Amino acid sequence: MSPAGPARLDSPRRIVLGVGGGIAAYKACEVLRRLTELGHQVRVIPTEAALHFIGAPTWEALSGLPVHRDLFADVAEVPHVRWGQAADLVLVVPATADLLARAAHGRADDLLCATLLTARCPVLLVPAMHTEMWEHPATVHNAAVLCSRGTVVAQPASGRLTGADSGAGRLPEPAEIVDLAVLLLRRADALPSDLTGRRVVISAGGTREPLDPVRYLGNRSSGRQGYALARVAAQRGARVTLVAAHTAELTDPAGVQVLDVGTAGQLREAVLTAAPQADAVVMAAAVADFRPANPQLSKIKKTGVDPDPISLVCTPDILAEVVRRRLAGQVVVGFAAETGDSEGDVLTHGRAKLARKGCDLLVVNAVGEGGAFEVDHNSGWLLGDDGAETELPEGPKSLLASYVWDAVATRLKRNPPAA
Ligand code: CTP
């Protein structure tokens, strides 16, 4: 890991943060704070409506830059052209129904919409609105038009909306928005719509096998890589089922069905139930290889027990089972966290595991010395059953996820999605 931190890019980038007039504008403050902490220069352009929710002094204090709000201020600097042209990323949080409509029609009636027209960089619009507005055919059409032009329209989350109601249309969490923004800065082509119509199943996290009601055998997987895979797949158009083992610290990715499980047995049940409907199955979870043979119903006491009371039995190899039951055209991806040893290095173990497991693709991560576990960045190799070996550069876990989905999408192209 570079001392600068996981999501930090080699050089600071120029980001325009547009803010639409919705209650979720307050969450854009957190997005701004996180982006500036990563070292980026962020220029905020709020709409007039946004200033009803959060005033210009807040944006100026958080960004360290003056806030421009009107097309006819500082005309000599031609800001509506200059900022769009100079930006590395234009991000709009929240993108209201009105902003989506104006952007889809190419309107230039305020500084933000004019900037959207002059931007030649990736543009990420993050919608937030009531469910009825998000699902209205006009909004659906506007979002589709924008996507067809290469704008990335993020999936809104489901959950509590303004007031007591809940549903689709909630702004995704700021960390998730920043993750997508950094991904687009790293790889402008990272979020195509090439998984539209596809169903994918992803396992994430680490299973825990109980010894008694208090103790368990577990592992250090946080689930972050699996969640990044889910987030990127949903953004690329897939219908995602995420089977999550002990990932309570993580926020559910927007637009994803999350099934919580605890043990290897529960994870197996959930994955094998969902897999027959899936075009791709990605086993990113760290599954226990062993479990206590006789978990106790009451707490094991240290007095009066055999000092070696734990006998273990093997858990089923779920990935191997998915491969055995694989449907024609289904793509199966495994993960291998390796340290290397006297028998061979990380890649040698990875190649052997790919052959042993029989999956189509295997992501190999080097672990130990701060690698892979409980951090936001990752690197490794992607091995294919066709002998292809691609080095995956160090970067946020969403970047690694985007390379995995590239490889899956390439394989799926040979089988068109069912109607
Ligand atoms: N896996 C699985 N079921 C298990 C163990 C692992 O489905 N009981 C999956 C993991 O989700 C991962 C892949 O198999 O995608 C490789 O996991 P890993 O622990 O590296 O492999 P093992 O087969 O357990 O081999 P070893 O621990 O001996 O290296």
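Just so you know, ligand 1 is whichever comes first in the structure, and atom 1 is the first atom listed for that ligand. This one's a predicted model, so the numbers in the text were calculated from it and none came from an experiment.
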Query raised in the report: Do the non-hydrogen side-chain atoms of V282 and W405 ever get within less than 4.5 Å of each other?
Result: yes
Taking the side chain as every heavy atom from C-beta outward, state whether V126 and P172 have any atom pair closer than 4.5 Å. yes
So ring pair (Phe, Tyr, Trp, His ring centres under 6.0 Å) across residues 82-103, not counting sequence neighbours, yields H68-W83
Within the heavy-atom cut-off of under 4.0 Å, ligand 1 is lined by M283, A285, V287, A288, D289, T315, P316, D317, I318, L319, G334, F335, A336, K353, R356, K357
Salt bridge flag under 4.0 Å for residues R102 and D110: yes
* **Salt-bridge criterion met for E30 and R33 (N-O under 4.0 Å)** => yes
*Within 45 degrees of the axis of the six-membered ring of Y216 and under 6.0 Å from its centre: does R291 put its NZ or CZ there?*
no
